[in-house]
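Naming: A, B, ... by sequence-line order, numbering from 1 per chain. Side chains included, hydrogens not; waters and symmetry mates left out as well; all remaining heavy atoms used.
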2 protein chains.
Amino acid sequence: MKQSSNVPAFLSKLWMLVKETHTNEFITWSQNGQSFLVLDEQRFAKEILPKYFKHNNMASFVRQLNMYGFCKVIHIDSGVVKQERDGPVEFQNPYFKQGQEDLLENIKRKVSSSKPEENKIRQEDLTKIISSAQKVQIKEETIESRLSELKSENKSLWKEVSELRAKHAQQQQVIRKIVQFIVTLVQNNQLVSLKRKRPLLLNTDGAQKKNLFQHIVKEPTSKSLRSGLNMYIFIKMMNYLF
Amino acid sequence: MKQSSNVPAFLSKLWMLVKETHTNEFITWSQNGQSFLVLDEQRFAKEILPKYFKHNNMASFVRQLNMYGFCKVIHIDSGVVKQERDGPVEFQNPYFKQGQEDLLENIKRKVSSSKPEENKIRQEDLTKIISSAQKVQIKEETIESRLSELKSENKSLWKEVSELRAKHAQQQQVIRKIVQFIVTLVQNNQLVSLKRKRPLLLNTDGAQKKNLFQHIVKEPTSKSLRSGLNMYIFIKMMNYLF
DNA sequence: GGTTCTAGAACC
DNA sequence: GGTTCTAGAACC
């Protein structure tokens, strides 16, 4: 089989109508066979149409033609649209040509009302967009909240760091003063009464600790430690401390 | 003047067509005067229409009727739509009633193609929505970035706080050890050689400082300070420090 | 997929 | 605002 089963009823009937000679008084091919003409619209509608279709309205016939992609051919005379009254009506479709019945299968009926779907899709899309926008907004609010918390925490932390640094500096000062106080005591020979003889430890492992001492005591300790005895007391204390 | 100047040409012509007796063969009021009938559509279109309008097409006439809110009246017989072939066509409009010409001014022509505007508005709205969504997204990214920075800063701060606290505790320990060391020295009477007699200051203003001492020295200082002389040295040191 | 009524849109 | 061609949409 060729295409007859694939062609809608309307196209088959139209093809027959245009081709059949006994209807050529009302509907026939145009001179070049590229379109067809309806010669007497009123009689065609009332006498011919009901023989092929379930109506006798030209409007319904035209609706079907448009449905299948047929367009009315506008006649132009010298650049001016000239639609002569009661003249023939001409319709054309790129796949409706005289002698080329095989082209009919290319004519497709336009899908019925795709717009509702499009509108629905648009509404769905809008709904999705709005929904996701709300989610983004909520997320943003959450982040803003978290940001606010972090800022607050940060502020507290900076404050604590500042206070701790101050405390640290203060304690450093306290330690320095304590050591200086002891050094002063030693320098004033208030501990001379202690007469024990012990080896000077500074020469053995004091080198490493000297830096630590100097870091704490502004005054160089060397002056303070002339006496081996004072040095002994001092080193004992430092060993005790660090 | 009443309403004649406010009524569109089509409505005036239609009113005239329906009212005039010489056209009643083709177009006239229905029996109850609530609608009008076109009795012979084909002859009406070809013979009457061109006398009143610039065409002879029933379709154009119907298009205008729809444009002005007229609706075709469907005839129903015993629950079934019965559109008798070649029967009269009936149209109705709530403001087109026999004998009530004053109602005509209420009939408004439907606005021409409001849909393009709606579509444009929709597109504009969509554009705005998308634009604002992008802005929100950019804002969110900025906030996320700021949040990340803050988190990082926060982490560093927590680390520094931790370190400072440790340092503080360590220094506190150092100070405590220093003081304990000195107290030990005093307890061992290594400073007994200093024989100066001085009043005991503790009784005068030592009360406030006692707490401070106890805070630093774990061992109660009272035991360590049995000797007035040792007490003197200790207080001197504490005065020096704080 | 066919028929009908109404509306959109371009052009006048 | 009017006319024309085409399309939407409901109903069959």
Roughly, in whole Å, what's the span from [atom1] in [X] to [atom2] in [N]?
| X | N | atom1 | atom2 | result |
| --- | --- | --- | --- | --- |
| B/Phe53 | D/dT3 | CZ | P | 7 Å |
| A/Lys13 | C/dG1 | NZ | C1' | 11 Å |
| A/Ile107 | C/dG2 | CD1 | P | 12 Å |
| A/Phe70 | D/dC5 | CZ | P | 17 Å |
| A/Met67 | C/dT3 | CE | P | 11 Å |
| A/Lys54 | D/dC12 | NZ | C1' | 8 Å |

query: So what does A/Phe61 hit on the nucleic acid, given a heavy-atom distance under 4.0 Å: a base, only sugar-phosphate, or nothing?
result: nothing
task: Could you tell me whether B/Tyr52 contacts a base, only the sugar-phosphate backbone, or nothing, with contacts defined as non-hydrogen atoms closer than 4.0 Å?
output: nothing
statement: Taken in chain and number order and not counting sequence neighbours, the residues that satisfy side chain to side chain donor-acceptor pair (under 3.5 Å) with B/Gln34 are B/Lys97
query: Taking only residues two or more places apart in sequence or in another chain, which ones pass side chain to side chain donor-acceptor pair (under 3.5 Å) with A/Glu160?
result: B/Arg165
[options]: which one has an atom nearest the side-chain heavy atoms of [X]?
| X | options | value |
| --- | --- | --- |
| B/Arg109 | C/dG2, D/dT3, D/dT6 | D/dT3 |
| A/Ile74 | C/dT6, D/dT6, D/dC5 | D/dC5 |
| A/Cys71 | C/dT6, D/dT6, C/dG2 | D/dT6 |

So, using salt bridge (Lys or Arg N to Asp or Glu O under 4.0 Å) as the criterion, who are the partners of [X] when residues are at least two apart?
| X | value |
| --- | --- |
| B/Glu25 | B/Arg43 |
| B/Glu90 | none |
| B/Glu144 | none |

field: Dot-bracket line, read 5' to 3' along DNA chain D, where crossing pairs take [ ] and | marks a partner on another strand, Watson-Crick or G-U under 3.5 Å
entry: ||||||||||||
field: Ring centre gap for A/Tyr68 and A/Phe96 strictly below 6.0 Å
entry: no
